[in-house]
J.: 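Just passing along the structure, written as structure tokens.
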Number of protein chains: 2
Amino acid sequence: MSSAEAISGIKKQEDTNNALEQVQQLVETYPRVPITVDCVIFGFDNNELKVLLIRSDLEMFDGKWTLLGDFAHDDEELDDAAYRVLRERTGMRDVYLEQVKTFSKPHRHPGGRVITVAYCSLLNTEHHALNILDNELHWHTVKTACNMAFDHKEILDVCYKWLQKRMLEHPLGLNLLPEKFSLRELQNLYEAILDIKLDRRNFRKKFFSMDFLIDTGEYEDDVHHRPGRLYRFDFDKYSQNKKKWTGIEF
Amino acid sequence: MSSAEAISGIKKQEDTNNALEQVQQLVETYPRVPITVDCVIFGFDNNELKVLLIRSDLEMFDGKWTLLGDFAHDDEELDDAAYRVLRERTGMRDVYLEQVKTFSKPHRHPGGRVITVAYCSLLNTEHHALNILDNELHWHTVKTACNMAFDHKEILDVCYKWLQKRMLEHPLGLNLLPEKFSLRELQNLYEAILDIKLDRRNFRKKFFSMDFLIDTGEYEDDVHHRPGRLYRFDFDKYSQNKKKWTGIEF
DNA sequence: CCAAAAGTGTTGCGGTTACACCCATGA
DNA sequence: TCATGGGTGTAACCGCAACACTTTTGG
């Protein structure tokens, strides 16, 4: 390296430092807002879509229910914050989770401005039951959920609509079922969430033709009638064969 | 009101005040983060999808391009902030705008932690051309856009994918065309954005059968061949007749 | 009269819907 | 043996894809 190059190198380094300081100082001047994540945790039990809520620990929301949420830590990506909330509150890992929408009405939180990012997650209530730590946690039927704090009812509604739409194009709903499930259970799931009736034979044909169901060779054993076959969903195969394009339709 | 009731009323008021203070103090303790909105502004010109970018005014991003963004003001809902950015930068009002996703990687901004909410907007470049105030603003071809600051390339990619998907289920793409347009222009729009070829006759049949196109009775007049009819899109009719359900498909 | 794009119908295929009967199991 | 849901096939219909020629305009 020539000395001219060395000097130019030093100069460049100084410029970089100055530029960095400039940016840091600029960011210092920005208004700051507390950020939370709120998880809409769906479960499926008794042929009903449920949502996991906790009693508000704020005096002014005495008796009201809230979503599971928390502030974002410094240097924590919001996806990670949402996973952390799930872990801390339910003890579960590896749960399906997706960002849905950010809510920012100035007065949505009575304590001052707080922006929240809503996440939607789906888990199997049977697995989950073992891990609930906090007895102020309860599963509520989504359709009748009410008396909620903040704008959490609105967030729930948005996430429910999101789920209904997403179910049609993605098999995320299977996260609500046990690993092995009967076709009846699967159909009940779709019927309950979408709030429609489906023809049993056509539903079967549809799922079999997608060819993502693996026959376990096992049967239901807790049923008071002819037991149905149990299937697993082939998530690997799905992720290689997703549909790309379904045509213009509105 | 009895004096007991009055006392109880005062007590309740005090409780409320206390509770409010409690919540406010709690929110005070939350970590705070600067929030920005970034608008991915799409246009359509020369049969190509374009995106409006501005040169970064930060020294360390010398020569790089960024999305149009700004900090959220105090007490400003983020949707409003995004509309404000659009107004301030392009002079346009009443532009189609939708929240897409929140980006929160801890080091996405070199000046420290900044969380940004990405909005996608679509506007007609002809109308818009008149209003550009800042000559560091430029339309870039989306496919070849590069050399972007921050994580703005990633945001652009996510919004482009979002647009491709959204186009199939919602007529938002029509915001990219002039009010009156030919079917050829409409088809070019879909072909360019979705990056596919479509059969002309089937495309026409499809749109005519949806029955949202209003024949203006007018014709193109700037073409060097047989002029096509001009149509308007009936947004009112659309908003009353949206499809609800398109079947399970994944 | 030539180039360039507008405009227009039909056919075949595949997927969705609608629908009814026999079977296996537990009580 | 009865009640309950499991499991299965077929026919009509509809929407989508594939495909070519004539018409209109400007140059």
J.: Is the backbone N or O of A:Thr144 less than 3.5 Å from a side-chain atom of A:Thr141, with the two atoms forming a donor-acceptor pair by type?
T.: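 Checking the backbone N and O of A:Thr144 against the side chain of A:Thr141, no donor-acceptor pair under 3.5 Å is found.
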
J.: Using a 3.5 Å distance criterion without hydrogens, assess whether the side chain of B:Thr102 forms a donor-acceptor pair with backbone atoms of B:Val117.
T.: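 No; judged by distance alone, with no hydrogens or angles, the pair does not exist.
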
J.: Within 45° of the ring axis of B:Phe103 and under 6.0 Å from its six-membered ring centre, is that where the NZ or CZ of B:Lys101 lies?
T.: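 Output yes; distance and angle both within limits.
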
J.: Looking at five pairs on each end of the helix from C:dC1-D:dG27 to C:dA27-D:dT1, what is the angle between the two axes, given to 10 degrees?
T.: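 Angle reported: 10°, given to the nearest ten degrees.
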
J.: If we ignore hydrogens and angles and just use 3.5 Å, is the side chain of A:Glu185 paired with the main-chain N or O of A:Ser182 as donor and acceptor?
T.: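 Checking the backbone N and O of A:Ser182 against the side chain of A:Glu185, a donor-acceptor pair under 3.5 Å is found.
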
J.: For DNA chain C, which nucleotides open and close the run of contacts to chain B, 5' to 3', at under 4.0 angstrom from a non-hydrogen atom?
T.: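 Terminal contacting nucleotides, 5' to 3': C:dA4 to C:dT16.
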
J.: Find the distance A:Trp245:CH2 to D:dA17:C1' and express it as a whole number of Å.
T.: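 Taking atom C1' of D:dA17 as the reference, CH2 of A:Trp245 is at 13 Å.
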
J.: Rounded to whole Å, how long is the line connecting atom CG of A:Leu186 with atom P of D:dG5?
T.: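 Rounded to the whole Å, the gap is 18 Å.
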
J.: I'd like a table of atom pairs between the protein and nucleotides 21-25 of chain D - only N or O on both sides, under 3.5 Å - with the distance next to each one.
T.:
residue	atom	partner	partner atom	Å
D:dT23	O2	B:Arg226	NH1	2.7
D:dT24	O4'	B:Arg226	NH1	3.3

J.: Round to a whole Å and report the spacing from CG of A:Leu183 to C1' of D:dG5.
T.: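 For the pair A:Leu183 CG and D:dG5 C1', the rounded distance is 13 Å.
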
J.: Strictly by salt bridge (charged side-chain N to carboxylate O under 4.0 Å, His left out), give each pair with a member in residues 147-157 of chain A just once, sequence neighbours left out.
T.: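 Sorted pair list: A:Lys105-A:Glu154, A:Arg108-A:Asp151, A:Lys153-A:Asp157.
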
J.: Regarding B:Glu249, tell me which of base, sugar-phosphate or nothing describes its non-hydrogen contacts under 4.0 Å with the strands shown.
T.: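 Sugar-phosphate, backbone atoms only, no base.
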
J.: Taking A:Thr116 for the side chain and A:Thr36 for the main chain, is one N or O donor matched with an acceptor at less than 3.5 Å?
T.: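 Side chain of A:Thr116 to backbone of A:Thr36: a pair is present.
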
J.: To the nearest angstrom, how far is A:Leu230 atom CG from D:dG7 atom C1'?
T.: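 So the CG-C1' distance, A:Leu230 to D:dG7, works out to 15 Å.
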
J.: With A:Tyr231, which of A:Phe207, A:Phe181, A:Phe208 fulfils ring-ring contact (aromatic ring centres under 6.0 Å, His included)?
T.: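 Per the ring-ring contact (aromatic ring centres under 6.0 Å, His included) rule, the option paired with A:Tyr231 is A:Phe208, out of A:Phe207, A:Phe181, A:Phe208.
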
J.: Residues in side-chain contact (heavy atoms from CB on, under 4.5 Å) with B:Tyr219, at least two apart?
T.: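 So B:Tyr219 forms a side-chain contact (heavy atoms from CB on, under 4.5 Å) with B:Pro227, B:Arg229.
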
J.: Taking for each residue the nucleotide of DNA chain C with the nearest heavy atom, is it B:Ile248 or B:Glu185 whose nucleotide lies nearer the 5' end?
T.: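 First, find each residue's nearest nucleotide; the 5'-ward one identifies B:Glu185.
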
J.: For DNA chain D, which residues of residues 201-216 of chain B approach it to below 4.0 angstrom with any heavy atom?
T.: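 Those residues are B:Arg201, B:Asn202, B:Lys205, B:Lys206.
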
